[in-house]
Amino acid sequence: MTEASNAAAFRAIPAIDRLLEHGAWVVAREVGRPARRDACRAVVQALREAIAAGEATVADCTVDVVVAQAVERARADVRPVLRRVINATGVILHTNLGRAPLSPAALQAVADTAGGYVNVEMDLDSGERDNRLDKVAAAFARVLDCADVVVANNNAAATFLALAVLAGDGSGVAISRGELVEIGGSFRIPDIMETSGAGMVEVGTTNRTWPKDYAAALDAGATVLLKVHQSNFAVVGFTHEVTIEELVELARPAGALVVHDLGSGQLHGDPTLGTDSVRRSLDAGADLVLFSGDKLLGGPQCGIAAGRQEVIERLRRHPVMRMVRPGKLTLVALEATLRAWERDPTGGEIPTAAMLARPLEDVTAAAQSLAAAIIHAHGDRYATEVVAVDATTGGGSSPLVRIASAAVAVTSSQDSANAIADRLRRSDPPVVARVEDGRVLLDVRTLLSGDLENVVTSLR
Ligand SMILES: *Cc1c(COP(=O)(O)O)cnc(C)c1O
C-alpha cells in the first residue's frame with residue numbers, strides 16, 4: 001500500500017452529510033437522526049483507521065459501501081437492550097432469562113389494558129376511590145382459597161415486609177440454622193432479618209432441627225416462627241427438619257405466628273417437585289405463606305403473601321407497603337394467571353407448568369423434528385443427534401429434581417461448539433443453549449411454540 005493510494009482513499013471517504021442523505025436509510029425508519037449521524041461518524045472513523053493500517057482502499061470508500069455499514073450499525077445501536085430470547089437450556093425457571101414466560105391469558109389481559117386506563121384505584125360501581133390491593137385481594141383469595149392476600153413487587157419484598165411488620169420492633173423470629181439461606185446475589189435471610197429490624201433467633205443446627213429447639217425459642221420470647229424453603233441447595237444424610245404442621249402446633253398455644261417463605265409458589269402439591277405447596281402450608285394453619293409470582297406459579301414478577309386476614313391487614317396498612325406495591329401491569333397479569341389456574345388446576349394454560357408436564361415422548365419427537373429440520377436447512381454444515389438429557393426446574397424451586405428431557409446435540413466440522421453457541425446467542429432472536437462435551441445441546445423441553453423454526457434460522 002503506497003502513501004499515494006492511502007491519500008486517494010482518505011480523499012474518497014464520503015462526507016457525513018452525503019451518507020445521511022442516502023436512500024439506504026429507508027429500511028431504518030426506527031433509527032432517529034442523532035443515532036444515524038453517530039453511526040456514520042463511527043463507521044467513517046473505523047474506515048480511516050483501516051486505511052491508515054493498510055487494510056482498506058478506495059474501493060471500500062464508495063458511498064454505497066459505507067452507508068450500508070452505517071445503516072447496519074445504527075439499527076444495531078437502537079435495538080432494544082431487552083429482547084425476546086429462546087431458552088434452549090432446559091432450565092425452566094431460568095433467572096437470567098427472566099424466569100416464567102407469561103400465559104396467553106395473561107398476555108391478552110396486559111394487551112387489553114396496558115394501552116388505556118385501568119381502574120386500579122376506583123370502584124366502578126360507586127365511582128369512589130378504593131385500594132388497588134383490596135380489589136385484587138378478594139379475587140386472589142378465592143383462587144388460593146385463603147382468607148386474604150397482599151401482593152408486593154417480588155417475594156424478597158414480601159418477606160421483608162412481613163418481617164418488618166411482624167417483628168420490626170426487635171421481636172424474636174426463630175429460624176433453623178439449616179434455613180439461613182442465600183438466594184441469588186443479595187437475598188440473604190440473615191441480612192433481610194437485620195434490615196427489617198427483627199431479632200433473629202437461630203435454632204437447631206445446619207443439618208438437624210427439632211420441635212424442642214423452636215419451643216426453647218418461644219420460651220425465650222420469640223413471637224414469630226419462620227420457615228424458609230432451602231430453594232437452591234439440599235442437605236442430605238443425617239438430617240431432620242420440623243414440618244410446617246409441627247410449627248403451627250408449637251406456635252398456637254404460645255400466641256406466636258408462623259410465617260412460611262415457600263420461595264416457589266407451587267399452588268397444589270406436585271409429588272415430583274416435593275411436598276411443599278401453598279395449599280399444604282395454608283391447610284396446616286400457617287399465618288402467612290410467602291411465594292414468588294414468577295416461579296412455579298408462572299405469572300409476572302411479584303411476591304404474594306397469603307394467609308390470615310388480621311395479619312395481612314397489618315401488612316397492608318404498614319408504610320413499607322407503599323414502597324413495595326406492584327404496578328398495574330403486574331396486577332393485571334397476576335389476576336389473569338390466577339384465573340387460568342382456577343380454570344385448569346393442572347396448569348394446562350401456564351407455559352412453565354406445561355413444560356414440566358409434557359410427556360418425554362412428545363419432547364423426544366420434537367427433538368427429532370428439530371434435528372431433521374436443521375439438517376434439511378443447513379445440509380452437511382452441522383451434524384445432529386438426539387440425546388437424552390436432564391432438564392431442571394431452576395429458580396431455586398427444587399434443586400434435586402431432574403426432569404427427563406431430550407436435546408439436539410449439534411456439532412460442526414467447521415466450528416467449535418463454543419463458536420456455534422456464540423452464533424446462536426448473537427442471532428435474532430437470540431438462542432441460549434448449553435455446551436457440554438464439545439457439543440451444543442438444544443434442550444427442547446424449554447422451547448415454546450414457534451421456537452423450533454427460529455432455532456433453525458438462528459443457526460444460519
Ligand atoms: C426465590 C426466593 C425468594 C426471593 O423471591 P423473589 O421473587 O426472587 O424476590 C425468597 N425466598 C425464597 C425461599 C426463594 O426461593
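Here the structure is a predicted model, which is why all the values come from computation and not from measurement. Whatever order the structure lists ligands and atoms in, that order sets their numbers, starting from 1.
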Problem set entry | Salt-bridge contact R84-D451 (side-chain N to carboxylate O under 4.0 Å) | yes

Exercise. Do S427 and R460 meet the criterion of a side-chain donor-acceptor pair at a distance under 3.5 Å?
Worked result: no

For this session: Scan side-chain atoms only and decide if E179 and S176 contain a donor-acceptor pair under the 3.5 Å cut-off.
Result: no

Exercise. Do T446 and D443 have side-chain atoms, one donor and one acceptor, less than 3.5 Å apart?
Worked result: no

Problem set entry | Close-range residues for ligand 1, whose non-hydrogen atoms fall below the 4.0 Å threshold | R99, N154, N155, A156, I183, F187, V228, H229, S231, D261, G263, S292, K295

For this session: Before accepting this row, confirm whether a basic side-chain N of the pair R208/D213 lies closer than 4.0 Å to the acidic partner's carboxylate O.
Result: no

Exercise. So, R314 and E310, do they make that salt bridge, N to O below 4.0 Å?
Worked result: no

